[in-house]
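Everything numeric in this text was worked out from a predicted model, so none of it was measured. The analysis underlying the following values was restricted to heavy atoms, covering all of them including side chains, and did not include hydrogens, waters or symmetry mates.
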Amino acid sequence: MPIRPIKQLRSFVEDLGVLIVQKRYKKTLALLAAKKRLRVLFLVNESSKWKMKSLYDLLAQSDLFEPLVVLTPLTSVHKSKEGDIGYLDSELLYFKKENINIIYAYKDKKYLSLKELRPDIVFYEQPWELARNQAPLYTSKFALTYYMPYYVSNYGNLNLDINLRFHKFLYRYYVLNHDWKELYKKHAKVDNFCPIGHTQLDNFYLNASTSKQSYVIYAPHYSFPHVKNLNPVNYATFLQNHRLILDFAKKHSNLNWVFKPHPKLKASLLKSGFSKEYVEGYYKQWEAIGISSYNSDYIKFFLDSKALITDSGSFLIEYFCTTKPLIHLLPTYPLPPPFSPSKKIFDTFYKAYDDVSLLGYLESILLKDKDPLKEIRLKVLKESGLNNGLVAERILKDLKHILKGERK
């Protein structure tokens, strides 16, 4: 059969699936409107992606909701020859220390069907590597599905953020603001977007700075281009400037440095041919200079920071809301243009394309306390609406409508 008819058939089947799921949601809404209390599950695979704590806490304080975090591994971990899921134990411990009600959804190398946990609502944090019996297409049979991604995609293939099968089967997709909703609506095949903000930003309202420290944070990403480190973004600049930044930190060790590498960075370096001795040595040199942060508990550093140096994607808009200066490490090769909502924010960053511009920003911002883009940054932040009240409260209000049967 020719390729085109096959694609048309797949598209037809997928469109039919969307209609079926939408009918399921209408039926579920009618059932939930009569309930006095709703059980809300948060599907999580690692603590570094857990960014809905403020919502969890608010739901736990309400008599109308019963929140529960469900810990499950990615399918790549499940399928790996090593079968290394030992990390789940430390993740479980992390959540318990945070006084979060949490259970496994994975036992004896098998994924537990979420139906067994009797949810009314399921929150997702990412669209990929989900077990079939935990994905929206299946979960929609008995619960409403909500999505708040742990990251903000700023450039690249927009289809990865709005047009995967995962996105089409969601009941609600929470996005940052109306700019993001309009962008997504323009290119998406379904419209389930709700402009509400992101719960991670609530940290900047709920937690005031309590430290006299003024941290300088270096947060390198793992996605440097290499034949043995294939990835869809390729915006990491580690190979380009990791040594320069370390040398600068050594020279100015009087600054309060925080090394916050992406969790995958070490593995990517080893996979790409760096010796274990070099990689471990690099990490240890940072540990000797200041603080090394390897888990998800980095908000305290953001709150008490002087500046962020990063090539990461997910941190950019998040750190922008602190109002502090951000040195954006960019590769020597061109990246795709950022999406329009992101571009407004990116233009308030200090863009370092090479060693000369990077050193110039390090010296002027960190040593001379210069920040000429500050007023522009504050203006763009105000216009974005990203600092306009607690997002968790807006979501709680949105969820309460379900109990009254007011949602479509």
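Few gaps surround NE2 on His187; more than 12 heavy atoms of other groups in view lie less than 6.0 Å from it. Taking a 6.0 Å sphere around NZ of Lys250, one finds it holds more than 12 heavy atoms contributed by other residues, nucleotides or ligands. The environment of Lys115 atom NZ is sparse: at most 12 non-hydrogen atoms of other residues, nucleotides or ligands sit within 6.0 angstrom.
Between His167 and Tyr147, the two ring planes are tilted [angle within 30° to 60°]. Between His78 and Tyr106, the ring-plane angle classifies as perpendicular under the 30° and 60° cut-offs.
Ionic pairing of Arg37 and Asp120 is not present here: no N-O contact between side-chain nitrogen and carboxylate oxygen is shorter than 4.0 angstrom. Glu383 has no carboxylate O lying under 4.0 Å from a charged side-chain N of Lys344, or vice versa, which leaves the two without a salt bridge. Comment: Arg39 engages Glu66 in a salt bridge, judged by a side-chain N to carboxylate O separation of less than 4.0 angstrom. Salt-bridge check for Asp347 with Lys343: passed, with a basic side-chain N closer than 4.0 Å to an acidic carboxylate O. Using a 4.0 Å cut-off between charged side-chain N and carboxylate O, Asp371 and Arg377 make a salt bridge. The pair Lys397-Glu393 does not meet the salt-bridge criterion, since no charged nitrogen lies less than 4.0 angstrom from a carboxylate oxygen. Salt bridge absent: Glu287 and Lys284 never bring a charged side-chain N and a carboxylate O closer than 4.0 Å. Between Lys306 and Asp369, at least one side-chain nitrogen of the basic residue sits less than 4.0 Å from a carboxylate oxygen of the acidic one, meeting the salt-bridge criterion. In summary, Lys53 and Asp57 engage in a salt bridge, as defined by a charged side-chain N under 4.0 Å from a carboxylate O.
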List the steps, then state whether side chain to side chain donor-acceptor pair (under 3.5 Å) holds for Asp179 with Tyr184.
CA-CA 9 Å; Asp179 288 343; Tyr184 284 0; over 6 Å; no

Residue pair Phe346, His328: steps toward the ring-ring contact (aromatic ring centres under 6.0 Å, His included) verdict
CA-CA 8 Å; Phe346 284 16; His328 192 187; 5.5 Å; yes

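Rounding to the nearest 0.5 Å gives a distance of 7.0 Å between CD1 of Ile121 and CG of Leu32. In this structure, the separation between CD on Glu280 and CG on Leu269 is 10.5 Å, given to the nearest 0.5 Å. With rounding to the nearest 0.5 Å, the separation of CG in Leu144 from OH in Tyr25 is 7.0 Å. Note that CG of Leu201 and CD1 of Ile317 are 9.0 Å apart. Values are rounded to the nearest 0.5 Å.
Considering all non-hydrogen atoms of both residues, Gln240 and Pro331 come closest at OE1-CA, 3.3 Å. Here the shortest heavy-atom pairing between Asp161 and Tyr173 reads O-OH, 3.0 Å. Of all the heavy atoms in Lys181 and Pro195, the pair that sits closest is CD-CD, 3.6 Å. Nearest heavy atom pair, residue Pro67 against residue Asn101, reads O-ND2, 4.0 Å. For the pair Tyr151 and Leu160, the tightest heavy-atom approach, listed with the atom from each and the gap, is OH-O, 4.4 Å. The shortest heavy-atom contact between Asn177 and Ser384 is ND2-O, 3.3 Å.
Here the two rings, on Trp50 and Tyr94, have centers that are 6.0 Å apart or farther. With ring centers used as reference points, Phe259 lies under 6.0 Å from Tyr283. A centroid separation of 6.0 Å or more is found between the aromatic rings of Phe42 and Tyr124.
Between Asp354 and Ser357, the side chains place a donor N or O and an acceptor N or O closer than 3.5 Å (distance only, hydrogens not considered). For the residue pair Tyr222 / Asn229, no side-chain donor-acceptor distance below 3.5 Å is found, with atom types taken as modelled. Residues Tyr174 and Asp398 have side chains that bring a donor and an acceptor to within less than 3.5 angstrom of each other. Between the side chains of Gln134 and Thr139, not a single donor N or O lies within less than 3.5 Å of an accepting N or O.
The backbone N or O of Pro338 lies less than 3.5 Å from no partner atom in the side chain of Asn154, so there is not a single donor-acceptor pair. Judged purely by atom type and a 3.5 angstrom limit, Tyr111 uses its side chain to pair as donor or acceptor with the backbone of Pro73. Under the 3.5 Å distance criterion, the side-chain polar atoms of Tyr282 are matched with a main-chain donor or acceptor of His242. Of the possible donor and acceptor atoms, one in the side chain of Thr199 sits under 3.5 Å from a partner among the backbone N and O of Lys51.
The only member of Tyr319, Tyr215, Tyr298 that meets side-chain hydrogen bond (donor to acceptor under 3.5 Å, both in side chains) when paired with Ser305 is Tyr319.
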